[in-house]
Each structure stands twice: as structure tokens, then as C-alpha cells.
Amino acid sequence: MQEIKERLERDLANAKSAADVEQIRVHYLGRKGCITTLAKGTDFSRFSPEEKKQFGIRLNQLKNFAAEAIQKASQQAGAAAPNKKAPALDLTAPGAGRRLGALHPITLTQMELEDIFQGMGFSVLAGPEVESEYFCFEALNIPHDHPARDMQDTFWLKNNLILRTHTSANQVRTLLRFGAPIRAVFPGRCFRYEAVDPSHENTFYQCEGLVVDENISVANLIAVMKTLLSEVFRRDVKVRLRPGFFPFVEPGFELDLNCLLCGGKGCSTCGDGWIELIPCGLVHPEVLRHGGIDPTRYSGFAFGIGLTRLAMMKYGIRDIRSLNAGDLRFNKQFAVL
Ligand code: FA5
């Protein structure tokens with residue numbers, strides 16, 4: 001036993017790693033280890049009862065000693081290991097980089113629209129999201145009991161102001177402020193009490209456009225729409241223009257885009273292959289009058305681009321709800337700065 005103990009101490013002193021210590025443990029205390037099997041290999045018939053007792057006591061002492069020494073050596077080897085592997089400080093390594101934010105696809109689309117319209121001589125204006133009923137509806141020829149209001153149910157505040165349902169609310173504000181001639185766009189957030197689905201949100205963006213000048217006709221409107229679409233998509237896209245009713249334009253149109261998600265076959269985002277994208281028309285004389293403009297001298301056109309839907313078509317986003325969800329995994333895909 002003394003000899004085994006000394007051999008164990010020597011072996012542990014020479015061990016260089018945790019793996020070495022583990023090998024030593026198996027050799028001494030494993031199932032077939034030399035300490036474990038010591039009692040089996042001993043002929044006890046030669047021993048007196050007292051000798052047997054002494055043998056047992058000393059064997060236990062040896063086992064305890066071995067277990068403690070091996071555990072200690074194993075701890076030391078474990079603690080030493082990371083130090084041995086730790087790399088030297090590398091002063092040339094790049095520092096921890098700052099994480100850059102990314103622009104939201106709606107912001108990207110809005111910035112692009114502003115750029116395109118500024119290139120066509122439009123000013124970029126903004127108006128309030130909390131709006132009066134007058135500018136949102138009445139000034140636009142939508143009296144209190146007009147059925148057109150049903151299509152734009154909204155959120156009412158306690159002070160009788162509302163969250164604007166469309167950026168058209170800026171039309172008369174702008175005319176009153178700047179007069180004619182005027183060429184302006186007003187992008188911004190709108191709100192509606194909507195049944196939300198893949199193409200309808202309760203909070204979404206539009207980009208309104210208003211041009212008032214002498215001799216403005218539908219031809220001017222169509223030219224601007226064509227330029228806009230070719231700049232945004234930079235390829236041929238299919239559109240259709242059909243009559244649309246809005247009390248603040250006459251005539252009124254709906255400009256629909258052939259869905260770019262399904263190629264016009266029909267999908268859960270568009271339904272029938274067409275996305276309602278840009279309602280538009282010639283400004284109603286009554287709206288010009290509310291804006292203090294003489295309709296016998298001036299005429300104009302207006303349009304209301306569904307900016308959020310445009311972003312969906314441009315970036316291939318199938319569900320409008322992803323845009324307001326605040327999920328960074330989604331937002332990071334558009335990491336353009
Ligand atoms: C209007 O809001 C009119 N003010 C547009 C207009 C402006 C007509 C100027 C004539 C002259 P409409 O409710 O259709 O119209 O909405 C315009 C566009 O906004 C739609 O074509 C669609 O692209 C987008 N839009 C409307 N409701 C939602 C919604 N809940 N979620 C996402 N986009 C919407």
C-alpha cells in the first residue's frame with residue numbers, strides 16, 4: 001500500500017493536464033484500478049483477525065487519500081487549462097464595432113418618393129396627424145351625413161379632434177396657406193378603424209400630391225403618375241385606371257397596380273391580382289373654393305399614394321402587419337443606411 005501511495009504521488013506530480021489526471025484516476029480507482037482490486041488479489045487465509053482488520057483500515061485510508069489527491073490535482077489542472085490556452089493580448093485586433101441602425105422600408109420608400117417629386121418641382125410639406133373634422137372631411141366636400149365617411153371610420157379624441165384618415169386633409173390647409181399656383185406632396189401617417197388583414201392596417205402611410213395651376217388637366221395627372229411609377233419600379237409594371245368616386249375630385253380615378261407579389265394571378269395580399277395604389281382625380285371646384293382659390297381661373301389634380309402598399313410591392317412584403325410589428329428580424333432585412 002505504501003508503494004502504491006508513493007507511485008500515485010509521483011504520477012500526479014508528473015500529470016500535465018486534466019486528461020492525464022483522469023487517466024491516473026482510472027488506473028488507481030477505476031473499476032479495475034489497482035487500489036479497487038487490491039482486496040480481491042489478497043489471500044486473507046494467511047491473516048489473523050487483527051491483521052484483517054488492520055488491512056481494511058489501511059485500505060480505506062489509501063482509498064480516501066487517493067480520491068482526495070486526485071480531486072485536488074484535477075481541480076488544479078482544470079483551473080490551469082484556460083490560462084494555458086488564453087491568447088496573448090492582440091493590440092491589432094479590430095475593436096468591438098458599433099451596431100448601425102437601419103432605415104425602415106416605409107422610411108426608405110418615403111425618402112425615395114420625396115426625391116422623385118422634388119425632381120419634378122414639387123415641395124415636400126407636412127400636416128398634423130391629429131386633425132379637425134373640417135379639414136379631414138367637410139372642406140373636402142364630405143358633409144357629416146355623407147356615406148363616404150363610412151369608408152373612413154376613424155379614432156375620435158375627447159376634444160372632438162380626430163386622427164386623420166387620409167393625407168387629403170392637407171389639401172385645403174395647403175391652399176389656404178400657400179395659395180395658387182402650388183405643386184406639393186405631403187407624405188404622412190394615417191389612421192382608420194379597420195378590420196386588419198394582409199393589406200389593411202389601422203395605421204399606415206399615404207403620400208398626397210396636389211398641383212393647382214392654370215390649365216391643369218387629366219393629361220398632366222397621367223404624365224406625373226407615369227413618371228412616378230417608372231422611377232419607383234425602374235421596370236415595366238402593369239397598371240389600370242378606372243373611374244373612382246371621391247367627393248373631392250371630379251372626375252375621380254383609381255389607379256391599380258398589377259400585384260408584383262403574384263404576377264397578377266391573385267394572392268392573399270391582393271385578392272384579385274390588383275392592388276389599389278393611387279386614387280386620384282381633378283380637384284373639385286368646391287375644394288378650391290374652400291382653399292380660397294378661384295375655380296374659374298385655376299384647376300388642379302390630386303392623388304393619394306398608398307405609401308405603405310407601395311413599400312410592400314417594392315420590397316416584396318406579403319403582409320402589411322409586418323411593417324408595424326417592430327420585429328427586428330424583419331426590419332434588419334432592409335438594412336440600408
Ligand atoms: C383616400 O384616402 C383618398 N384620400 C385618396 C385620394 C387623394 C383620392 C386625392 C383622390 C384625390 P383611399 O381610402 O382609397 O383614398 O386610400 C388611398 C390609398 O391608401 C389606397 O389605395 C391604399 O393604397 C391606401 N390605404 C387605404 N386604406 C389603407 C389601410 N387600411 N391600410 C393600408 N393602406 C391603405
J.: Side chains of His284 and Arg289: any donor to acceptor distance under 3.5 Å?
T.: no
J.: Supply the atom-to-atom distance Arg189 CZ to Thr308 OG1, rounded to the nearest 0.5 angstrom.
T.: 10.5 Å
J.: In this structure, would Leu229 and Ile275 fall into the same cluster of hydrophobic residues linked by side-chain contacts under 4.5 Å?
T.: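 They do share one cluster, since a chain of ILVMFWY contacts under 4.5 Å joins Leu229 to Ile275.
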J.: Which pairs, with at least one residue in residues 268-277 and sequence neighbours excluded, count as a salt bridge (charged side-chain N to carboxylate O under 4.0 Å, His left out)?
T.: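 Listed once each, the pairs are Arg242-Glu276.
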J.: Could you measure the distance from the OH atom of Tyr205 to the NE2 atom of His104? Nearest 0.5 Å is fine.
T.: 8.0 Å
J.: Is Val185 reachable from Leu108 through a run of I, L, V, M, F, W or Y residues, each pair having side-chain heavy atoms under 4.5 Å apart?
T.: yes
J.: Between the side chains of Arg297 and Glu214, is the shortest nitrogen-to-carboxylate-oxygen separation below 4.0 Å, so that they form an ion pair?
T.: yes
J.: Please give me the minimum heavy-atom distance between Phe330 and Phe334, naming the atom from each residue.
T.: O-CE1, 3.3 Å
J.: Could you pull out the closest heavy-atom pair between Val212 and Ala180, with the gap in Å?
T.: CG1-CB, 3.9 Å
J.: Verify the ring-centre separation between His166 and Phe248: is it less than 6.0 angstrom?
T.: yes
J.: Using a 6.0 Å cut-off, check whether atom CG of Asn64 has over 12 heavy atoms from anything other than its own residue.
T.: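 Enclosed: over 12 neighbouring heavy atoms sit under 6.0 Å from CG of Asn64.
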J.: Of the non-hydrogen atoms in Ala169 and Leu140, which two are nearest, and what is the gap between them?
T.: N-CD1, 4.1 Å
J.: Got a sec, which residues hit side chain to side chain donor-acceptor pair (under 3.5 Å) with Gln61, two or more places apart in sequence or on another chain?
T.: none
J.: Determine whether the side chains of His290 and Glu138 contain a donor N or O and an acceptor N or O closer than 3.5 Å.
T.: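 On atom types as modelled, these side chains do not qualify, holding no pair under 3.5 Å.
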J.: Please report the shortest heavy-atom distance between Val239 and Trp274, naming the atom on each side.
T.: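 Looks like C-CZ3, 3.8 Å.
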J.: Is it the case that the side chain of Ser230 and the backbone of Lys226 share a donor-acceptor pair, with hydrogens and angles ignored and the cut-off at 3.5 Å?
T.: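 Flag set: sc Ser230 to bb Lys226 pair under 3.5 Å.
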J.: Under a 3.5 Å distance rule, please check whether Ser123 uses its side chain to pair with a backbone N or O of Ala184 as donor and acceptor.
T.: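 A pair under 3.5 Å: no.
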J.: What's the separation between atom CD in Glu131 and atom OG1 in Thr167, rounded to the nearest 0.5 Å?
T.: 11.0 Å
J.: Verify the distance criterion only: is there a donor paired with an acceptor across the side chains of Gln2 and Glu6 at less than 3.5 Å?
T.: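 Judged by distance alone, the side chains do pair up.
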J.: Please determine whether the number of non-hydrogen atoms from other residues, nucleotides or ligands lying under 6.0 Å from atom CZ of Arg240 exceeds 12.
T.: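 Enclosed.
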J.: Can you tell me how far OG of Ser322 sits from OH of Tyr315, rounded to the nearest 0.5 angstrom?
T.: 15.0 Å
J.: Is there a donor-acceptor pair closer than 3.5 Å between any side-chain N or O of Arg309 and the backbone N or O of Ser199?
T.: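 Yes, Arg309 side chain to Ser199 backbone: donor-acceptor pair under 3.5 Å.
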J.: Around Asn215, counting heavy atoms of other residues, nucleotides and ligands shown, do more than 12 lie under 6.0 Å from its CG?
T.: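 No, not enclosed.
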J.: Within the distance-only criterion (no hydrogens, no angle test), does the side chain of Lys314 pair as donor or acceptor with the backbone N or O of Val232 below 3.5 angstrom?
T.: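 Yes; at least one donor-acceptor contact below 3.5 Å.
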J.: Is the backbone N or O of Glu51 less than 3.5 Å from a side-chain atom of Ser48, with the two atoms forming a donor-acceptor pair by type?
T.: yes
J.: Hey, is the main chain of Pro105 close enough, under 3.5 Å, to the side chain of Thr109 for a donor-acceptor pair?
T.: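 The answer is yes, because a donor-acceptor pair under 3.5 Å joins these two groups.
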J.: Check whether Ile222 and Phe233 end up in the same hydrophobic cluster, where Ile, Leu, Val, Met, Phe, Trp and Tyr are linked by side-chain heavy atoms less than 4.5 Å apart.
T.: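 Same cluster: Ile222 reaches Phe233 through Ile, Leu, Val, Met, Phe, Trp or Tyr contacts under 4.5 Å.
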J.: Give the intermediate values and the outcome of side-chain contact (heavy atoms from CB on, under 4.5 Å) for residues Phe47 and Lys53.
T.: CA-CA 9 Å; Phe47 285 18; Lys53 189 175 157 197; over 6 Å; no
J.: Between CG of Asp20 and CG of Asn14, what distance do you get to the nearest 0.5 Å?
T.: 9.5 Å
J.: Using ring centroids (six-membered ring only for Trp), state whether Phe303 and Phe117 fall under 6.0 Å.
T.: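 Between Phe303 and Phe117, which both carry aromatic rings, the centre distance is below 6.0 Å.
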J.: Check for a donor-acceptor pair, side chain of Asn220 on one end and backbone N or O of Phe301 on the other, with a separation under 3.5 Å.
T.: no
J.: According to a hydrophobic-cluster definition based on side-chain heavy atoms being under 4.5 Å apart (Ile, Leu, Val, Met, Phe, Trp, Tyr only), do Leu260 and Leu323 belong together?
T.: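 As far as the 4.5 Å side-chain criterion goes, Leu323 and Leu260 are connected within one cluster.
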J.: Test of understanding: clusters of I, L, V, M, F, W, Y form through side-chain heavy atoms closer than 4.5 Å, transitively. Do Ile278 and Leu282 belong to the same one?
T.: yes
J.: Considering residues, nucleotides and ligands other than Arg321, do more than 12 of their heavy atoms fall under 6.0 Å from its CZ?
T.: yes
J.: Rounded to the nearest 0.5 Å, how far does OH of Tyr193 lie from CG of Leu163?
T.: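 Going from CG on Leu163 over to OH on Tyr193, the span is 14.0 Å.
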J.: Please answer whether the main-chain N or O of Ser168 pairs with a side-chain N or O of Glu208 as donor and acceptor at a distance below 3.5 Å.
T.: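 Pair found, side chain donor or acceptor close to backbone of Ser168.
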